[in-house]
Amino acid sequence: GAGVSQTPSNKVTEKGKYVELRCDPISGHTALYWYRQSLGQGPEFLIYFQGTGAADDSGLPNDRFFAVRPEGSVSTLKIQRTERGDSAVYLCASSSGTNTGELFFGEGSRLTVL
Amino acid sequence: GENVEQHPSTLSVQEGDSAVIKCTYSDSASNYFPWYKQELGKGPQLIIDIRSNVGEKKDQRIAVTLNKTAKHFSLHITETQPEDSAVYFCAAYSTYGGNQFYFGTGTSLTVIP
């Protein structure tokens with residue numbers, strides 16, 4: 001596709017449930033980032049992939065959060081045992097992975113945990 | 001790690017006036033400083049960026065300045081238009097430390113017609 005695609009755009013779930021958020025980056029982009037954005041805040045780093053491997057997962061808040069990118073393209077962010085505090089917009093971004101550094105963001109997945 | 005602070009959090013200007021948003025960063029290894037514009041319900045979109053070997057960069061009505069010694073950089077929008085109304089984020093990035101982008105907390109700009 002032309003840009004970064006994220007699905008679902010909106011997800012409402014109950015506390016304790018499991019959710020998956022999907023990101024389809026720009027074709028050919030080797031670097032993929034997940035960010036979390038709470039209302040009125042800037043994007044908060046969660047995890048960065050270079051190819052298939054997680055190059056930096058230091059932003060994941062706890063072990064309920066996990067992300068994969070098995071074929072170096074699509075990535076899935078997985079949240080187990082969701083809590084109300086997980087409610088936020090989850091943004092995915094990709095870049096070509098060169099020193100250009102420009103990030104291209106998707107429109108985000110808004111997660112609401114009731 | 002890097003800490004990026006952004007001011008002001010809200011800014012209202014009359015159409016045609018200039019707007020200035022300022023950011024500071026803490027990590028001297030940061031070498032790339034992009035600015036993003038985020039409209040309601042959309043993801044952030046890059047509007048201009050600057051690298052640490054440059055002091056100023058301009059693109060039509062938008063300019064960014066960087067002071068490496070003081071570790072601060074600023075976004076300048078001249079001749080503001082209502083469509084400039086959005087939330088603006090600064091960010092700092094280091095190719096030497098984790099390849100992470102650290103974002104400021106955002107500035108909500110309103111341009112009053």
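Just so it is clear, the structure is predicted and the values come from calculations on it, not from any experiment. Just the heavy atoms: all of them, side chains too, but no hydrogens, waters or symmetry mates, feed the values below.
- Residues of residues 104-114 of chain A that come within less than 4.5 angstrom of chain B, heavy atom to heavy atom, are A/Phe105, A/Gly106, A/Glu107 in numerical order.
- Counting heavy-atom neighbours within 6.0 Å of B/Gln81 CD, excluding the residue itself, gives a total above 12.
- In the hydrophobic clustering of ILVMFWY residues, with side-chain heavy atoms under 4.5 Å counting as a link, B/Leu66 and B/Ile62 come out together.
- By the neighbour-count criterion of 12 heavy atoms within 6.0 Å, atom CD of B/Glu83 is densely surrounded, having more than that number from other residues, nucleotides or ligands.
- Placement of B/Phe73 and B/Leu11 within a single hydrophobic cluster is found when ILVMFWY residues are connected by side-chain heavy-atom separations under 4.5 Å, directly or transitively.
- Side-chain atoms of B/Tyr102 never come within 3.5 Å of backbone atoms of A/Phe45 as a donor-acceptor pair (strictly under, hydrogens ignored).
- Contact tally against chain B (heavy-atom pairs below 4.5 Å) for A/Ala93, A/Gly42, A/Ala31, A/Gly59: the top residue is A/Gly42.
- Interface remark: A/Ser9 contributes no atoms to any contact with chain B (heavy atom separation under 4.5 Å).
- Scanning residues 37-45 of chain B against chain A with a 4.5 Å non-hydrogen threshold yields B/Gln38, B/Gly41, B/Lys42, B/Gly43, B/Pro44, sorted by number.
- A continuous path of hydrophobic side-chain contacts links B/Val4 to B/Ile21 [ILVMFWY only; heavy atoms under 4.5 Å].
- By the rule that hydrophobic residues join a cluster once side-chain heavy atoms approach within less than 4.5 Å of another member, A/Val89 and A/Val12 end up as members of separate clusters.
- The other residues sharing a hydrophobic cluster with A/Phe66 are A/Val68, where clustering joins ILVMFWY side chains under 4.5 Å apart.
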Cut-off 3.5 Å, no hydrogens considered: what does the side-chain donor-acceptor table look like for residues 106-113 of chain B, sequence neighbours left out?
unit_1: B/Thr107; atom_1: OG1; unit_2: B/Gln6; atom_2: NE2; d: 3.0
unit_1: B/Thr107; atom_1: OG1; unit_2: B/Pro8; atom_2: O; d: 2.5

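- Transitive grouping of hydrophobic side chains (ILVMFWY, heavy atoms separated by less than 4.5 Å) keeps A/Phe65 and A/Val74 in distinct clusters.
- Heavy atoms of A/Glu44 lying under 4.5 Å from chain B are absent altogether.
- Here the CZ atom belonging to B/Phe103 is positioned 13.5 Å from the CD atom belonging to A/Gln41, to the nearest 0.5 angstrom.
- The ring of B/Phe101 has its center closer than 6.0 angstrom to the ring center of A/Tyr33.
- The OH atom of B/Tyr36 sits 4.0 Å away from atom CG of A/Leu103, with the distance rounded to the nearest 0.5 Å.
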